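See structure below.
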Amino acid sequence: MGIVYVLIPLGLVLVGIGLWAFFWAVGNGQFDDLDSPGWSVLSDDGSAKPARLPGSREPEAEERE
């Protein structure tokens, strides 16, 4: 029964931290634009180069037989 006296204040502290974090995020604009990041993934602007694995060679550098 004594653990209840520890868990209830601990739970209230965690709820308080969660509420503080939520209102901090809202105040700093974290939820202002939720749609643009999702749509930006679908746009193909062509600026990104394909990733190469370390140690791999360019296709032009391969030896031809």
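Remember, predicted model here, so these are calculated numbers, not experimental data.
- Here the CG atom belonging to Leu12 is positioned 11.0 Å from the CG atom belonging to Leu7, to the nearest 0.5 angstrom.
- In this view, Phe31 and Phe22, Ala25, Val26, Leu34 satisfy the side chain to side chain contact (heavy atoms under 4.5 Å, CB included) rule, not counting sequence neighbours.
- Applying the side-chain hydrogen bond (donor to acceptor under 3.5 Å, both in side chains) test to Asp32 and every residue at least two apart in sequence or in another chain returns nothing.
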